Protein chains: 2
Amino acid sequence: MATKGQRGERRAGALSKERIVEAAIEILDAEGGGALTFRALTARLETGSGAIYWHVANKDELLAAATGEIIDRAMAEAVGGAEPREAIRTIALGIFDAIDAHPWVGAQLPREPWQAAMMRIFEGIGGRLQALGVPERARFDCASALVNYILGVAGQNAANARVFAGEVDRTAYLTAIAERWAQHDPAQFPFVRQVAAQLGEHDDREQFLAGIDLILAGIAAVSRPDDK
Amino acid sequence: MATKGQRGERRAGALSKERIVEAAIEILDAEGGGALTFRALTARLETGSGAIYWHVANKDELLAAATGEIIDRAMAEAVGGAEPREAIRTIALGIFDAIDAHPWVGAQLPREPWQAAMMRIFEGIGGRLQALGVPERARFDCASALVNYILGVAGQNAANARVFAGEVDRTAYLTAIAERWAQHDPAQFPFVRQVAAQLGEHDDREQFLAGIDLILAGIAAVSRPDDK
DNA sequence: ACCTGAACACCGTTCAAGT
DNA sequence: ACCTGAACACCGTTCAAGT
């Protein structure tokens, strides 16, 4: 939440890691992943680069902190003591939406194997698998499958945002994708061409959730004790 | 000098996109993702930077071409007219092994949504789903789930290679991971701590395949007509 | 057509110096 | 302790000039 004590005074406030991370998130959100430089940061915070390095070790740590902040918020909203299967879907959707709102997170998340952000997701999902009744031996594999799937979608979404940075319109975006797909040789890419026709009625979020459900169905099939 | 007509002469041969890509792959393999610079390339190829720009538009295109080359090789080895389920596993494993051998590909692949490399994987998997008997409506979602999972693992493996660049030993590598996991607060991360104990008997490749099988099981459950 | 390599604009990071 | 900002080493890319 907000800083304790005096609030509101932003300009005169002392520099802190939180203020730096907050400024970094603002820059990343407004201008995209490539726009975060120490020069842009010093301009926005009205300091020198050395001041930032006093609070933050380097750019990687700054990026990790910014990513952690976004994921933390998303996970906090997805707490709900709901039924475990639904809880997993909620967590996954929360992360999807967070990355949709902050595409640069999608590029950063896969780069943080054991950073706090990744572990929070892993923990959140793994805990629900336990509640779901997945046998202990299979839990690691199942959590890993779900997390890796989420990370893959995250990376793709970030790449899409990078490529189609201009298009704000959703249909224009889908049209652009369909055009790219149509560019491929039909003889060599029959499936791609065939699927391109379905792009009109396609919804990224729904497809993401369909993938989660697919994996959950697989988990259910595998962890059913009467199975084989 | 007098090697004009000779085909196989490599050193004296003229510059070409293929030779540049080949040199880029050698640098990336030998020194990692961060080591590919135009200066390193010019040194290895004994030219000026302008010569490289004559054959290649920019660094992104070079990286995409290098990634495409590795994926093409992996896909070519995974052709086999086997049973579709087995073919999908073979393709997935082929990509896993390619990324294991060239970790920088794992970082690059998620950045190429509609580049040739990505589409080849998507096509290869989608085609087998058709052969598997997955109904047309579900095929897009199923292919997307498998591909996104593969991309997620790719990104994680690349990140691991970056973080543990020093450790060659497999047990040292696993020990290092277990240490990272143990650093987290046990009260806040019970699942992570619990799973850390399983890390000793853990095999990345097997876990990757377990995830593929999980998704395939989900696909089977969803596309069974008598279901529901 | 193809290649050379100096030059440009920009970057992350450091550090002596200030308060 | 915290901040300043010039300086350093390095980067991708361009381009006038060569062959």
Side-chain angles (χ1 to χ4, degrees), chain A residues 3 5-6 9-25 27-28 30-67 104 107-108 111-112 162-163 165, chain B residues 1-7 9-25 27-28 30-67 104 107-108 111-112 162-163 165:
Chain A
T3 49
Q6 67 279 45
E9 204 72 30
R10 61 193 68 164
R11 171 64 55 90
L15 214 48
S16 67
K17 185 167 175 180
E18 284 117 54
R19 275 195 65 211
I20 295 170
V21 169
E22 177 197 328
I25 290 175
I27 292 173
L28 288 163
E31 300 174 61
L36 182 65
T37 66
F38 277 83
R39 274 154 243 257
L41 259 181
T42 55
R44 178 176 279 259
L45 292 168
E46 291 170 341
T47 29
S49 56
I52 294 171
Y53 277 96
W54 180 261
H55 296 277
V56 153
N58 52 40
K59 195 177 181 180
D60 275 351
E61 190 194 299
L62 178 55
L63 244 9
T67 304
W104 52 273
Q108 204 53 35
R111 313 189 76 220
E112 326 210 338
R162 214 181 302 121
V163 176
Chain B
M1 296 304 143
T3 56
K4 286 287 215 163
Q6 285 304 76
R7 262 287 157 110
E9 211 69 34
R10 62 193 65 166
R11 171 60 57 90
L15 214 48
S16 67
K17 184 166 176 182
E18 284 115 56
R19 274 196 65 210
I20 294 170
V21 169
E22 178 197 329
I25 290 175
I27 292 172
L28 288 163
E31 299 173 62
L36 182 64
T37 66
F38 277 83
R39 273 153 243 259
L41 259 181
T42 56
R44 178 176 280 257
L45 292 168
E46 290 170 343
T47 29
S49 56
I52 293 171
Y53 278 96
W54 180 261
H55 296 278
V56 153
N58 51 41
K59 195 176 179 180
D60 275 350
E61 190 194 297
L62 178 56
L63 243 11
T67 303
W104 51 273
Q108 204 53 37
R111 312 189 78 221
E112 328 210 339
R162 214 182 302 122
V163 175

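This one's a predicted model, so the numbers in the text were calculated from it and none came from an experiment.
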message = How many whole angstroms separate atom CG of Asn58(A) from atom C1' of dT14(C)?
response = 13 Å
Give me, pair by pair, the N or O atoms of the protein and of nucleotides 17-19 of chain D that are less than 3.5 Å apart, along with how far apart they are.
none

key: Shortest non-hydrogen separation from Lys17(B) to Ala65(B) and the atoms involved   = CE-CB, 4.1 Å
For the student: nearest non-hydrogen atoms of Arg162(B) and Ala107(B), plus distance = NH2-CB, 4.1 Å
message = Rounding to an integer number of Å, can you tell me how far Ile52(A) CD1 sits from dG5(D) P?
response = 12 Å
message = Ala43(B): which residues meet the side chain to side chain contact (heavy atoms under 4.5 Å, CB included) condition with it, sequence neighbours left out?
response = none
task = Have a look at Trp104(B) and tell me which of Ile27(B), Leu36(B), Ile25(B) forms a side chain to side chain contact (heavy atoms under 4.5 Å, CB included) with it.
result = Ile25(B)
message = Let's test your reading of the pairing rules: Watson-Crick or G-U wobble, both distances under 3.5 Å, then write DNA chain C as a dot-bracket string with ( ), [ ], | and dots.
response = ||.|||||...|||||.||
Check: protein-nucleotides 6-11 of chain C nitrogen or oxygen pairs below 3.5 Å:
{"residue": "dA6(C)", "atom": "N6", "partner": "Ser49(B)", "partner atom": "OG", "Å": "3.3"}

ask   = Does His55(B) put a side-chain nitrogen or oxygen below 4.0 Å from OP1 or OP2 of dC3(C)?
value = yes
Show me the donor-acceptor pairs, under 3.5 Å and distance only, between side chains in residues 48-58 of chain A and residues at least two apart or in other chains.
{"residue": "Asn58(A)", "atom": "OD1", "partner": "Asp60(A)", "partner atom": "N", "Å": "3.2"}
{"residue": "Asn58(A)", "atom": "OD1", "partner": "Glu61(A)", "partner atom": "N", "Å": "3.0"}

key: Straight-line distance of Arg111(A) CZ to Thr67(A) OG1, nearest 0.5 Å   = 10.0 Å
key: Which atom of Ala66(B) lies closest to which atom of Leu28(B), heavy atoms considered   = CB-CD1, 4.5 Å
note = Here the distance between atom C1' of dT13(D) and atom CG of Asp60(B), to the nearest Å, is 12 Å
ask   = For Trp54(B) and dC3(C), is the shortest distance between a side-chain N/O and OP1 or OP2 below 4.0 Å?
value = no
task = Report the residues that fulfil side chain to side chain donor-acceptor pair (under 3.5 Å) with Arg44(B), sequence neighbours left out, ordered by chain and then residue number.
result = Glu26(B)
note = In short, Ala40(A) meets Ala35(A) closest at the heavy-atom pair CB-O, 3.9 Å
remark   = Heavy-atom closest pair (Leu63(B) atom, Glu112(B) atom, distance to 0.1 Å) is O-OE2, 4.1 Å
message = Please report the distance, rounded to the nearest Å, between CD in Glu46(B) and P in dC3(C).
response = 13 Å
query = Over how many whole Å does the gap from Ile20(B) atom CD1 to dC2(C) atom P extend?
reply = 12 Å
message = Could you report the tightest heavy-atom contact between Ala24(B) and Leu41(B), atom names first, then the distance?
response = N-CD2, 3.9 Å
